Amino acid sequence: MDGNASGEDYENIDWDTEDELEIQNIVPSTCSNLVTRNASIVGNGEASSSAGPSNPNLLQHFLGMGFSEQLIVKAIKENGEANTESILESLLTYAALEDSPDELNPCHLNSPQQQQCVDNGQLSSDYDESFLDDISESDSWSGSEVAKPKISIGANGGLKKRKLYELELWKRKKRKGLINEEDDVLRLPNPMIGFGVPTDTMVVTHRTLPEAAIGPPFFYYENVALAPKGVWDTISRFLYDVQPEFVDSKYFCATARKRGYVHNLPIHNRFPLLPLPPRTINDALPLTKRWWPEWDKRTKLNCLQTVIGSAKLTDRIRKALEKWGDDPPLHVQKYVIEECRKWNLVWVGKNKLAPLEPDEFEMLLGFPRNHTRGGGISRTDRYKSLGNSFQDMFPNGLNLLSLFSGIGGAEVALHRLGIPLKNVVSVEISEANRDIVRSWWEQTNQKGNLIHLADVQQLNGDRLEQFMGSFGGFDLIVGGSPCNNLAGSNRVSRDGLEGEQSSLFYDYFRILDLVKCIMNKQQ
DNA sequence: GACAGCATGACTCAAATT
DNA sequence: AATTTGAGTCATGCTGTC
C-alpha cells in the first residue's frame, strides 16, 4: 500500500492482448523508449481540425485522449462517425500495432536534460518561503534528497496500453456476464477515513510517494469512491502511481459523501478547518428534531445528489402515515424509512417530510450561504451544481490551476484557510457555475487574478506556457473530473472511465503532465 | 469460504405541467 | 423556459448465516 513502485520493474512487460492474466498484471507507468526521446512540448489540443470529420467534437474527443489527428480521421473513415466505440477500438488497434510512436502525436515528452534540473535551491526562489516551510519536512521531500521528477508515463505509449486494458476488461465482462477479479485491485478502506479525518487523531502520518509524483507542482484529484472496478486502479496508475485516499465525509459532517483523492500533498500536521461542521442531522437541522419520530434512527444523511424527492412522494407518505396514530405499523415504518434514505428526506412537521433546500445543501457542504443563489441561476441548476460539487478539506497553494472547478469548492476551501490566491486559472464548462465562482470572487474581494476558461480540451501546451510564463508556474493543480459515467445512480450510461464525460479524466492527467514538463523546462 | 440478502449511489431521459 | 414527475438497473461492498 505504499505506492512505491517506480515503474522501472515493468518496462519489459510483453504486451499480449490474448493473455488475460498478463493484462491484469500490467502496471503501465514507464515507457522508457518514449521518455528518453527528445521531443518538444507540444499540446496535442492544438492540432487543428482543418481536414477533419464533419463533427469536430468527435475529433476533439479523441485528440483529448492523445491519439493523432491522422489516425483518428482514419478510424472515423473506417467506422463512420456514429459508432464511437468501434472508432476507439480501431484507434487502440492501430496503437497496439504501432511500433514507431513517432506517428502518434507525442504530446508532451521531456528531454533527459530537462529531467534533472529540479533542486531545492531554485525552488525556493520561485516559491513563497512560508509555503515552503510548510512542506519542507514532509513526505519524500527531504532537503538533501533532490527531487528528480521523471515523467514516467510517456504519453501515448502508456495510454494505449491502459486503454486496451480497460477495453479488454469490459469485453470480458460482456462475454462472461461477470468477472473473476484477481486480488490486485484496490480495496476500499473500512472505515473510510483515509489518512485520518479532522475529528479523529491521524491514523497515518507518513507515506512514501513515488518519485515521479513528488511536487512541484502539487496536485489534488477527486472523484466518487464507488466507481466501477478497476477505475481507481487506472486513475492511480496515470497519476504517477500515487495510492488514492478514500474518505467518507460522514465521519466529519452530517452527510455522507464517499470520495477518493489522489494527491501528492503532505499529510502530516493536518488540522481541521474551523468552525467544525455540524456532525449530525440534529445539529445541522435543529428544527427537524421536534418532528423526528423515534423509529427513524438516522443520524446522518446519505449522499446529496443532483435530484430531490418530489412533492407527490412526500404527499403519499403523509397520507400513508395519517391513517395511523403515533405508532404506524412496522411495514409502514419500513416503507417510509426506505424513501427517506433514498431521497434524503427530513421531518418538517407532523407526518410531513421534505427534501432539503438548496440553502441546506450549501450549509451541509460547507459553502457560504447563498453561494449558488440568484444571478440568473434556476433552482434546478442550483441543485445540479451543488449535487455535483466538489467538497474538500485541505490546503496549500498560491497559483492555482483548477480543472472542472464546478462552483469553486477548491477556491472556497483555500480562501477559508487564509491562503491568498494570486493567480487562478479555472476551467469549467458550465456557464452558470463560472458565474457563481466569478461572483464569489468579487464578493470576497479577492486581490488575485481569476482567469476563466470553458473547455478543458482547449487548454494546450501553448496556453499553459503563456500562463506559466507570466506568473511562474502553478503551485497546485486541483480537479474532480466528471463522475457521470462512474456513479451508481446512473442507470443510462454508467460506462466507466471511458464514458463520454468521465473520460475527461485523461485531460486532467494530460494537463498535469504538461505542467510538470513545462515547469521542468522553465527551471 | 460460499452464499444470499441488503443498502447504496456528484444519474438520464422524456413527457407533462406550470 | 423552468419545473415537476416518474420510470429506468446494476455494480459493488457489507453483513449475517450456514
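Per chain, numbering begins at 1; letters A, B, ... match sequence-line order. Please read all numbers here as calculations on a predicted model, not as lab measurements.
Partners of A/K323 according to the salt bridge (charged side-chain N to carboxylate O under 4.0 Å, His left out) rule, which considers only residues two or more places apart in sequence or in another chain, do not exist here. Applying the side-chain hydrogen bond (donor to acceptor under 3.5 Å, both in side chains) test to A/Q333 and every residue at least two apart in sequence or in another chain returns nothing. The salt bridge (charged side-chain N to carboxylate O under 4.0 Å, His left out) search around A/R369 returns A/D359, not counting sequence neighbours. In this structure, the side-chain contact (heavy atoms from CB on, under 4.5 Å) partners of A/S502, at least two apart in sequence or on a different chain, are A/N485, A/L486. Taking the side-chain contact (heavy atoms from CB on, under 4.5 Å) definition, one finds that A/D435 meets it with A/E431, sequence neighbours left out. Residues satisfying the side-chain contact (heavy atoms from CB on, under 4.5 Å) test with A/S378, not counting sequence neighbours, are A/T380, A/D381.
Cation-pi contact between A/K516 and A/F474: absent, since separation from the ring centre below 6.0 Å together with deviation from the ring axis within 45° is not met.
Near DNA chain B, meaning a heavy atom under 4.0 Å away, there are no residues from residues 376-386 of chain A. Within residues 299-315 of chain A, the residues approaching DNA chain C are A/S310, A/A311, A/K312, by heavy-atom distance under 4.0 Å.
With a 4.5 Å cut-off on side-chain heavy atoms, A/F219 and A/Y508 count as touching.
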A/F367/A/W440 under ring-ring contact (aromatic ring centres under 6.0 Å, His included): CA gap, chis, key distance, verdict: CA-CA 11 Å; A/F367 284 98; A/W440 170 83; 9.4 Å; no

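The NZ-C1' distance, from A/K297 to B/dA7, rounds to 19 Å in whole Å. In this structure, A/N485 places its CG atom 8 Å from P of B/dT12, rounding to the nearest Å. The CZ atom of A/R494 sits 12 Å away from the C1' atom of B/dA10 (whole-angstrom rounding). Between A/D495 atom CG and C/dA11 atom C1' there is a gap of 13 Å when expressed in whole angstrom units.
A/G406 comes within 4.0 angstrom of nothing in the nucleic acid, heavy atoms only. Using a 4.0 Å heavy-atom cutoff across all strands shown, A/S481 reaches at least one base atom of the nucleic acid. Within 4.0 Å (heavy atoms only), A/R316 reaches sugar-phosphate atoms of the nucleic acid but no base atom.
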Would you list the atom pairs, donor with acceptor, under 3.5 Å between side chains in residues 408-418 of chain A and any protein atom, with sequence neighbours excluded?
residue: A/E411; atom: OE2; partner: A/S402; partner atom: OG; Å: 3.0
residue: A/H415; atom: ND1; partner: A/Q446; partner atom: NE2; Å: 3.0
residue: A/R416; atom: NH1; partner: A/G366; partner atom: O; Å: 3.4

Side chains of residues 338-348 of chain A: which donor-acceptor partners sit under 3.5 Å, not counting sequence neighbours?
residue: A/N344; atom: OD1; partner: A/N302; partner atom: N; Å: 2.8
residue: A/N344; atom: ND2; partner: A/N302; partner atom: O; Å: 2.9
residue: A/N344; atom: ND2; partner: A/C303; partner atom: O; Å: 3.2
residue: A/W347; atom: NE1; partner: A/D296; partner atom: OD2; Å: 2.8

So which protein nitrogen or oxygen atoms get under 3.5 Å of nucleotides 16-18 of chain B's nitrogens or oxygens?
none

Secondary structure of DNA chain C in dot-bracket form (Watson-Crick or G-U wobble, distances below 3.5 Å, | marking inter-strand pairs): ||||||||.|||||||||

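Between the P atoms of C/dG6 and B/dA10, the separation comes to 23 Å (whole Å).
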